[in-house]
Amino acid sequence: MIRDWDCPSCGLEHRSTQPGNFVPVHACPALRGLQAHLELRRPGGGRPRGRHVLVEREDYVGRERGLVSVDGKVLSAIKTERPDGSNDLVILAPSAVADTDIQ
Amino acid sequence: MAWSNSKIFSAFITDSLNRTNAFDLNADTFKVALYDTDPTPDQTVAAANTAYNAGQWASAGNEVTSGAQWATGGVALASVTSTFSSNVYTFDAADTSSSSGATITATFGCLVYDDTLTTPVADQGVCYLYFGGSQSVTNGTFTIQWAAGGIFNITL
């Protein structure tokens with residue numbers, strides 16, 4: 001199945017050939033290299049109508065590890081919003097960590 | 001809201017070292033199940049209460065699912081790696097995604113558990129990760145991008 005995709009943030013164009021229901025992600029240079037979903041190109045083309053939203057972490061960081069920060073803001077997800085109210089989401093999961101040599 | 005952090009279960013470490021449960025991190029099937037705000041994750045609970053569908057990780061009323069896109073019981077990890085380098089042991093996997101068309105409402109975190117284990121504790125938990133707040137997808141794709149440091153890691 002051939003499908004064409006666009007990035008609402010950086011303008012990347014991508015063609016996928018794999019079967020199945022999926023939405024590709026890419027490391028978007030307009031989002032500092034963060035992984036974000038692409039938007040399926042509409043019949044007839046045109047600019048993407050969705051947008052990427054950087055979702056800030058809502059809770060204290062505490063001792064969480066592996067978190068992603070942009071411009072001093074800790075992020076929890078990258079959301080791709082579409083005009084019809086649907087959305088995709090990339091969760092930026094932390095790591096569970098055990099340190100045996102804490103200084 | 002009871003989620004506050006991400007932890008490795010102490011029972012996972014103890015049972016692995018004591019061979020109480022036969023975890024095989026580079027061969028078993030591991031799944032990630034999503035949960036709402038109801039669980040109060042506890043790192044030091046007994047092994048039986050770290051398991052999927054037990055204790056705080058009960059499915060009814062706590063688990064967040066989306067039909068075939070993110071089924072009850074969670075999604076299996078793919079391309080799992082279990083490695084040691086530069087004094088750090090890392091358990092990692094390929095990013096985990098639903099199929100498109102998922103509707104996942106108000107998930108706060110996930111449980112990673114060993115779906116291969118059947119005894120003495122079936123589906124025993126390995127760790128839990130907090131997403132930092134309420135996360136939702138409407139008719140879309142839900143992807144968990146595991147951190148650069150892996151799902152969990154241990155520094156020696």
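Numbers restart at 1 for each chain; the letters A, B, ... are given by sequence-line order, proteins then strands.
Of the atoms belonging to B:Ser4, it is backbone heavy atoms, and not side-chain ones, that fall under 4.5 Å from chain A. In this structure, chain B has a heavy atom under 4.5 Å from the side chain of A:Glu64, while its backbone stays farther away. Only the backbone of B:Ser136 comes within contact range of chain A, with heavy atoms under 4.5 Å apart. The part of B:Ile151 that comes within reach of chain A is its backbone (N, CA, C, O), which places non-hydrogen atoms under 4.5 angstrom from that chain. Residue A:Val74 does not touch chain B at all, counting heavy-atom pairs closer than 4.5 Å.
Residues of residues 63-82 of chain B lying under 4.5 angstrom from chain A, judged on non-hydrogen atoms, do not exist here.
Atom CZ of B:Phe84 has more than 12 heavy atoms from other residues, nucleotides or ligands within 6.0 Å.
Note on B:Tyr35: it clusters hydrophobically with B:Val112, by side-chain heavy-atom contacts below 4.5 Å among ILVMFWY residues. Linking ILVMFWY side-chain heavy atoms closer than 4.5 Å, directly or via other members, places B:Phe108 and A:Leu89 in a single hydrophobic cluster. Following chains of ILVMFWY side-chain contacts shorter than 4.5 Å, one cannot reach B:Trp3 starting from A:Leu75, and the two form parts of different hydrophobic clusters. Both B:Leu25 and B:Leu129 are assigned to one and the same hydrophobic cluster, defined by single-linkage of ILVMFWY side chains at heavy-atom distances under 4.5 Å. Connection of B:Val88 to B:Ile13 is not established within any shared hydrophobic cluster, with ILVMFWY side chains joined at heavy-atom distances below 4.5 Å, either directly or through further cluster members.
When A:Asn87, A:Val68, A:Asp88, A:Val25 are compared by the number of non-hydrogen pairs under 4.5 Å with chain B, A:Asn87 comes out ahead. Interface summary for chain B: among A:Gly85, A:Ala96, A:Ala98, the most heavy-atom pairs under 4.5 angstrom belong to A:Ala96.
A donor-acceptor contact closer than 3.5 angstrom is absent between the side chains of B:Thr141 and A:His37.
Paired with A:Val23 under the rule side-chain contact (heavy atoms from CB on, under 4.5 Å), one option of B:Ser100, B:Ser99, B:Ser97 passes, and it is B:Ser100.
Taking CH2 of B:Trp146 as the start and CG of A:Leu92 as the end, the distance is 12.0 Å to the nearest 0.5 Å. Considering CD1 of A:Ile78 and CD of B:Gln145, their distance stands at 8.0 Å, rounded to 0.5 Å. Residue A:Glu58 holds its CD atom at 6.5 Å from OG of B:Ser134, rounded to the nearest 0.5 Å. The distance from atom CD1 of A:Ile91 to atom CD1 of B:Ile104, rounded to the nearest 0.5 Å, is 9.0 Å. Separation of atoms CZ (A:Arg65) and OG1 (B:Thr155) is listed at 7.0 Å; rounding is to 0.5 Å. Rounding to the nearest 0.5 Å gives a distance of 12.0 Å between OG of A:Ser95 and CD1 of B:Ile154.
The nearest pair of heavy atoms linking A:Val97 to B:Ile8 is C-CD1, 4.1 Å. Here the closest heavy-atom approach between residue B:Ala147 and residue A:Gly66 is recorded as CB-O, 3.8 Å.
Counting only heavy atoms from C-beta outward, the side chains of A:Val55 and B:Gln135 approach each other to under 4.5 Å. With contacts defined as side-chain heavy-atom distances shorter than 4.5 Å, the pair B:Tyr130/A:Asp59 qualifies.
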